[in-house]
Amino acid sequence: MNIHIYVNVISVSVCICICQALIEMAQVLSKEHQSFEVLLSKMAATIMPFTHAQYCTIFIPSKQTSVTEDNISFSRVIHLECEELGSTCQIYRRERDISDIDPTYALQTLMAMETLNMSKTSEESVMSLICCPVRNERSENVIAVCQLMNKQSRDSDEMEAFNRYDERLLEDLAVYCGLALQYAQAVQITEERRASIEVTQEVLAYHITAAEEEIQALQEAMIPSGESLNIFDFHFSGFGLPDDLTTQATIRMFLDLNLVQDFNIDYKVSLCQWVLTVKRGYRNRVPYHNWNHALSTAQSMFAMLMATGQLQTIFSRLEILALMIATLNHDLDHRGVNNSYIERTQQPLAQLYGHSSLENHHYNLCLFILNNTGSQILSGLSTEDHKTVLHLIKRAILATDLTVYMEYVETLSVKVSQELCKSRSINLLHRSMLMTASDLSAITKPWPEQRRIANLVAKEFFAQGDKEREQFKIEPIVSCGCRLFNSCSPLLSGCKKNRENWLQLAEEAEEDNNENSSTVTFETHKSIDEETQTEE
């Protein structure tokens, strides 16, 4: 009975020691360390007093090692030694070259992938050793070998064999070492990717930033008045505008809204470079979603803001700044395809954002340009205002996703009234609806302009349809075509007139179709192409 009690007491004591060792190793693992070697050294130093090992060595295999008898090696070792000092011990990390330590048993463990526990007795001494493989939990590959050597007796200066409790402790250490190795590898990969991203951003910043000659020309240009540029008119067209006047018109909008003055925007240093850099952020080969569309969207927002005092009363100055920045940036780097196509083709953008892929990309590129040296037009804002305006810009750009717009329509139609229009509680809805209205303002333009834009939209839409037909063997989806402020009524009128013209065109096409068997779609688009060529 007494023997059983004694054995049980020893077992409980050992279990307590093991638990204490695991807790201490977990604490070491949870803290930040100067290097991976320091982390492993501290973990090894934690286990040595519990096992009474004189030496602890962690062998790390070479990356190119293939597990065969003829080709296995270690690239480096982490070696610790324990020095007894009376009732305590001092553990030192010793710098050892791989050639100074016998790797025989570690190599056997690497090959067998199993724990090795052995002892050798000679006339002079006893040598005891445990080797345990450290595995990658995912791949089950051996990524290191932990070795304890020479167990010192508790009761004398003699050496003794390691027992099964020592094995268990070493195997637990191996688990933690495996976690530490995987963590170190993950950190290394993260750091490499971060460095790669920084290099990519440097290259992007170089190529997207406007040339010095362009910036200087815009800085020295006499900016025409808003009236001469026709930017107050809802029927504004950027098609006939020379390239340099498109950027000057953008500058004029910021000046006439007093944004440059109110937010201490450095006109010569920041604003000119920012406008030109945003312009370069659009792909010229995309038929519709290009710089001309960005300018048109910004001008529509500007015209609505300038046409009614109501809007400038409802919105704060920060909100107006955010709306103008958002309209110019809302389609940055558009690829000429929609979110659905990006998701179906599993492009990186879809994997990166998950939803509203294009809109999130437009915002992040907008943010990149705003942070780019020489284009920091928000540098005059306080920290709080800077944070606020970026949030407003993001919400505005994301609102141009038509799936988001459909969610807002029903809410706004319920809430809209003269009283609620004056309330800031629905400012988000107002801003979102104005972004969509500006984005789709092409449908309000005079008929020749509307048809020309419709041709560009169709060209882009049909190009995506061809890709869908080729890649997915499916038929493309069918495409589809102020109430708040009286001063914006020309937009509603223009939209209604264009709708009547499209209906009339459809009726004429149907009549022609009845007379002969020609394809309506082909003839309609052919006539648009011919008209566009005539106008050009």
Side-chain angles (χ1 to χ4, degrees), residues 208-282 284 290-307 311-312 315 317-332 362 365-381 389 392-393 396-397 434-435 438 441:
I208 202 173
T209 302
E212 287 295 331
E213 310 84 69
E214 283 185 281
I215 297 171
Q216 186 176 352
L218 184 56
Q219 289 171 339
E220 296 173 354
M222 291 293 294
I223 306 300
S225 66
E227 289 79 5
S228 64
L229 290 166
N230 204 34
I231 56 175
F232 296 104
D233 194 339
F234 287 119
H235 294 161
F236 170 85
S237 171
F239 281 121
L241 215 57
D243 200 47
D244 58 337
L245 284 185
T246 63
T247 51
Q248 292 178 28
T250 305
I251 297 286
R252 173 51 62 191
M253 287 187 268
F254 274 71
L255 290 170
D256 284 4
L257 282 168
N258 292 318
L259 299 177
V260 175
Q261 303 89 320
D262 290 351
F263 297 105
N264 299 317
I265 298 175
D266 193 319
Y267 173 81
K268 293 290 185 182
V269 176
S270 301
L271 186 60
C272 291
Q273 179 173 317
W274 177 77
V275 170
L276 288 166
T277 302
V278 170
K279 178 174 176 287
R280 287 171 70 97
Y282 284 88
N284 293 331
N290 50 39
W291 166 245
N292 189 72
H293 169 63
L295 175 64
S296 177
T297 303
Q299 185 276 330
S300 294
M301 179 66 74
F302 171 80
M304 285 190 284
L305 289 170
M306 297 298 287
L311 282 176
Q312 298 211 40
F315 296 136
R317 298 299 295 160
L318 277 178
E319 286 176 312
I320 291 173
L321 174 65
L323 286 170
M324 290 305 299
I325 292 174
T327 49
L328 277 170
N329 289 263
H330 80 285
D331 273 332
L332 272 173
H362 303 325
L365 194 52
C366 166
L367 192 61
F368 175 78
I369 294 174
L370 286 171
N371 289 328
N372 192 23
T373 303
S375 299
Q376 297 164 327
I377 61 171
L378 302 179
S379 60
L381 300 181
V389 82
L392 292 169
I393 292 169
I397 291 178
L434 284 176
M435 284 297 299
S438 300
S441 62

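Here the shortest heavy-atom pairing between Leu241 and Leu245 reads CG-CB, 3.8 Å. Minimum heavy-atom separation, Ala210 to Leu276: CB-CB, 3.5 Å. Of all heavy-atom pairs between Asp256 and Phe232, the closest is OD2-CZ, 3.5 Å. The heavy-atom pair separating Ile251 from Tyr267 by the smallest distance is CG2-CE1, 3.2 Å. Across Val278 and Leu332, no two heavy atoms sit closer than the pair O-CD2, 3.5 Å. Nearest heavy atom pair, residue Thr297 against residue Ser438, reads O-CB, 3.5 Å.
In this structure, Ile208 CD1 and Phe368 CZ are separated by 6.5 Å, a value rounded to the nearest 0.5 Å. Residue Ile397 holds its CD1 atom at 10.5 Å from CG of Leu323, rounded to the nearest 0.5 Å. Distance check: Cys366 SG to His330 NE2 gives 12.0 Å after rounding to the nearest 0.5 Å. The distance from atom CD1 of Ile231 to atom OG of Ser225, rounded to the nearest 0.5 Å, is 8.0 Å. In this structure, Ile223 CD1 and Leu255 CG are separated by 7.0 Å, a value rounded to the nearest 0.5 Å. Annotation: the span from Ile265 atom CD1 to Leu378 atom CG amounts to 7.0 Å, rounded to 0.5 Å.
Looking only at side-chain heavy atoms (C-beta outward), Thr373 and Thr209 stay at 4.5 Å or farther from each other. Taking the side chain as every heavy atom from C-beta outward, Leu271 and Val275 approach each other to under 4.5 Å. Between Phe263 and Arg317 there is a side-chain heavy-atom pair separated by less than 4.5 Å. Residues Gln312 and Leu257 meet the side-chain proximity criterion, which asks for heavy atoms closer than 4.5 Å. When side chains are defined from C-beta on, Met253 counts as touching Leu295, because their heavy atoms get closer than 4.5 Å. Side-chain contact check for His362 versus Asn329: every heavy-atom pair is 4.5 Å or farther apart. Between Trp274 and Ile325 there is a side-chain heavy-atom pair separated by less than 4.5 Å. Side-chain contact between Leu321 and Asp262: absent, with no pair of heavy atoms (C-beta onward) separated by less than 4.5 Å.
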request  = Evaluate the criterion side chain to side chain contact (heavy atoms under 4.5 Å, CB included) for residue pair Ile377 and Leu370; output intermediate values, then yes/no.
outcome  = CA-CA 7 Å; Ile377 61 171; Leu370 286 171; 3.7 Å; yes
message = Between Thr250 and Lys279, is the side chain to side chain contact (heavy atoms under 4.5 Å, CB included) condition met? List the steps.
response = CA-CA 10 Å; Thr250 305; Lys279 178 174 176 287; over 6 Å; no
inquiry  = Pair Arg280, Trp291 - check side chain to side chain contact (heavy atoms under 4.5 Å, CB included), show working.
reply    = CA-CA 8 Å; Arg280 287 171 70 97; Trp291 166 245; over 6 Å; no
key: Met301 and Met435: CA distance, side-chain angles, deciding distance, side chain to side chain contact (heavy atoms under 4.5 Å, CB included) verdict   = CA-CA 7 Å; Met301 179 66 74; Met435 284 297 299; 3.9 Å; yes
task = Starting from the C-alpha separation in whole Å, work towards a yes-or-no answer on side chain to side chain donor-acceptor pair (under 3.5 Å) for Gln216 and Glu212.
result = CA-CA 6 Å; Gln216 186 176 352; Glu212 287 295 331; over 6 Å; no
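Side chain of Gln376 to main chain of Asn371: a donor-acceptor pair is present (N/O by atom type, distance under 3.5 Å, no hydrogens or angles). In this structure a side-chain-to-backbone donor-acceptor pair under 3.5 Å is missing from Gln219 to Gln273. Panel note: side chain Ser296, backbone His293; no donor-acceptor pair is recorded below 3.5 Å.
Remark: the Asn372 side chain and the Thr277 side chain contain no N/O donor-acceptor pair separated by less than 3.5 Å.
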